[in-house]
Asker: 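Starting off with a structure, shown below.
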Amino acid sequence: MLQRILPVIACTVLAAQSFAQPASLKTTFRNDFLIGAAINTRQIEERDTTAARLIPAQFNALTPENIMKAEIIHPQWDQYNFDLSDKLVDYARKQGIKVNAHNLIWHSQLPGYVRRIKDADSLRSWFAGHISTVAARYDGKVYSWDVVNEALNEDGTMRSSVFLKMLGDDFVVEAFRLAQKAAPHTKLYYNDYNIEQPKKRAGAIALIKKIQAAGVRIDGVGIQGHWRAANVPMKDIEESIRAFSALGIEVMFTELDLGVLPNPWDNTTADVGRTAAYKADMNPYPGGLPDSVERTQADAYAALFRLFLKYSGKVSRITFWGVDDSGSWLNDWPIRGRTNYPLLFDRHGQPKRSFFSVIGTKNATAGY
Ligand code: XIL
């Protein structure tokens, strides 16, 4: 008798297992917004086996973490390096994933020869050539561009970058004008950190209105979202979704991660130029995350996704700045060599409590 029943039990267990697909972010939120991840060179080249498994299963949007920045894609005045960007575009096409190209104009990660330019005419000609060449090459192949990244100060005034100093404060409008011409089939976005904060948000709104008043196309705004798990500015975020979408553009969260490590400064910033020295007490969890911190992060992610869902008609994409905790830039910024845990997948690519809390905002039975 037992011999006859055992195979039946075995089959039932197997059937139940194959039925229980692991949860997927992109499937869970398919009617709400795109779910993206920033990816690095190893991941584009499919050498990272964890990412090669997670990316197609979990994400329907990708942002290159570094390889489309000017210092890599345009290393010499008359030389472009499209190898990795072409690979990314091919990989995404094969997987049916949208690419948000990042970025055309940013004061950071500029090649040395651009930083050494001394006259406005040369910089203007680099600026026009760079935008036209790079944006045209990927028009219709990438879904969207971060045309200008981080042009604002915390008080909402324009950041004193090489572009502002030499080209004047119309450089943002000009960048969008050139991108619109070179990439008519690509969405065009402004991207920055802390623009959920009232003063900087007001500066971003003024900038977007200025682009619109010039008759130039801007399709959306990216709020980076490098926040701290214990202190997510929920009210500012909600006000920002309302205020930016009132301008008739998409709102996106483009570089989301919720760090759990101590901050070397009082204020929060994602300014890549600001760094601090390593101290052991700044790296409290090298061996693993305490349960209470894990819970704080899971709750913060859940609160955020509940808010994103409330505004799913206005929020078009949520992109995490990395695939799993091992590859997060927050392990090395603002202090090198720390162990941070900001994303939804752990160092082995396994879903964390925060992953289940995010899925649970849509599917109340998921629990965490
Ligand atoms: C970061 C990358 O993640 C790092 O690998 C690199 O060393 C520095 O830049 N805001 C942005 C991103 O718009 O391009 C930055 O990415 C993080 C802050």
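Ligands are counted one by one from 1 in listed order, and the atoms in each one are counted from 1 as well. All of these numbers come straight from a predicted model, not from anything done at the bench.
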Asker: Taking NZ, NE, NH1 and NH2 as the nitrogens, is one of them in Glu250 or Arg317 under 4.0 Å from a carboxylate oxygen of the other?
Answerer: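 Looking at Glu250 and Arg317, the cut-off is not met.
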
Asker: Could you tell me the residue and atom name of the protein heavy atom closest to atom 7 (O) of ligand 1, and the distance to it rounded to 0.1 Å?
Answerer: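 Nearest neighbour among protein heavy atoms for atom 7 (O) of ligand 1, to 0.1 Å: Asn66 OD1, 4.3 Å.
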
Asker: Would you mind checking which non-hydrogen protein atom is closest to atom 11 (C) of ligand 1, with the distance to 0.1 Å?
Answerer: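 That would be Glu255 OE1, 3.1 Å.
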
Asker: What do we get for Asn149 next to ligand 1 when only non-hydrogen atoms under 4.0 Å count, side chain, backbone, both or neither?
Answerer: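 Side chain only.
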
Asker: Is Trp333 in contact with ligand 1, taking contact as a heavy-atom separation below 4.0 Å?
Answerer: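 No; Trp333 lies far enough from ligand 1 that no heavy-atom distance drops under 4.0 Å.
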
Asker: Out of Lys200, Arg201, Lys199, Arg274, which one pairs with Glu154 under the salt bridge (charged side-chain N to carboxylate O under 4.0 Å, His left out) rule?
Answerer: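 Per the salt bridge (charged side-chain N to carboxylate O under 4.0 Å, His left out) rule, the option paired with Glu154 is Lys200, out of Lys200, Arg201, Lys199, Arg274.
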
Asker: I'd like to know if Lys87 and Asp83 make a salt bridge, using a cut-off of under 4.0 Å between side-chain N and carboxylate O.
Answerer: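 Salt bridge: no.
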
Asker: Distance only, no hydrogens: is a donor on one side chain within 3.5 Å (strictly under) of an acceptor on the other, for Tyr278 and Asn283?
Answerer: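 Yes, side-chain donor-acceptor contact under 3.5 Å.
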
Asker: If the cut-off is 4.0 Å to any non-hydrogen atom of Trp106, which atoms of ligand 1 fall inside it?
Answerer: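 Every atom of ligand 1 under 4.0 Å from some heavy atom of Trp106: 14 (O).
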
Asker: As an exercise, identify every atom of ligand 1 less than 4.0 angstrom from a heavy atom of His102.
Answerer: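 That gives atoms 11 (C), 12 (C), 13 (O), 14 (O) of ligand 1.
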
Asker: When Thr254 is tested against each of Thr319, Asp146, Asn191 for side chain to side chain donor-acceptor pair (under 3.5 Å), which residue passes?
Answerer: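 That would be Asn191.
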
Asker: Are the charged groups of Asp219 and Arg217 less than 4.0 angstrom apart, N to O?
Answerer: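 Judged by the 4.0 Å cut-off on N to carboxylate O distance, Asp219 and Arg217 do form a salt bridge.
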
Asker: Relative to the heavy atoms of Gln109, which atoms of ligand 1 are at a distance of less than 4.0 Å?
Answerer: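 Matching atoms, with element in brackets: 6 (C), 8 (C), 9 (O).
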
Asker: In the hydrophobic clustering that connects Ile, Leu, Val, Met, Phe, Trp and Tyr at side-chain heavy-atom distances below 4.5 Å, which members other than Tyr341 occupy its cluster, ordered by chain and number?
Answerer: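 Traced through the cluster, Tyr341 reaches Val260, Leu261, Tyr285, Leu289, Val293.
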
Asker: For ligand 1, which atoms, with element, lie under 4.0 Å from some heavy atom of His226?
Answerer: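 Result: 18 (C).
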
Asker: So which protein heavy atom does atom 1 (C) of ligand 1 come closest to, and at what separation?
Answerer: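 Nearest neighbour among protein heavy atoms for atom 1 (C) of ligand 1, to 0.1 Å: Lys69 NZ, 3.6 Å.
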
Asker: Checking contacts here: is it the side chain or the backbone of Tyr193 that comes within 4.0 Å of ligand 1, counting heavy atoms only? Could be both or neither.
Answerer: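 Neither; nothing of Tyr193 gets under 4.0 Å from ligand 1.
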
Asker: What atoms of ligand 1 come within less than 4.0 Å of a heavy atom belonging to Glu150?
Answerer: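 This gives 10 (N), 11 (C), 13 (O) as the contact atoms.
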
Asker: Could you check atom 2 (C) of ligand 1 against the protein and tell me its nearest heavy-atom contact, residue, atom and distance included?
Answerer: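 Answer, as residue, atom name and distance: Glu65 OE2, 3.4 Å.
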
Asker: Within the structure, does Gln224 bring an N/O atom to less than 3.5 angstrom of an N/O atom in ligand 1?
Answerer: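 Such a contact does occur with ligand 1.
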
Asker: Hey, are Glu45 and Arg42 close enough for a salt bridge, meaning a charged N less than 4.0 Å from a carboxylate O?
Answerer: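 Here Glu45 does not pair with Arg42 in a salt bridge, since their nearest N and O are not under 4.0 Å apart.
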
Asker: Ligand 1 versus Asn40, non-hydrogen atoms closer than 4.0 Å: side chain, backbone, both, neither?
Answerer: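 Neither part.
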
Asker: For the pair Asp86 and Lys141, find out whether any cationic side-chain nitrogen is under 4.0 Å from an anionic carboxylate oxygen.
Answerer: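 No.
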
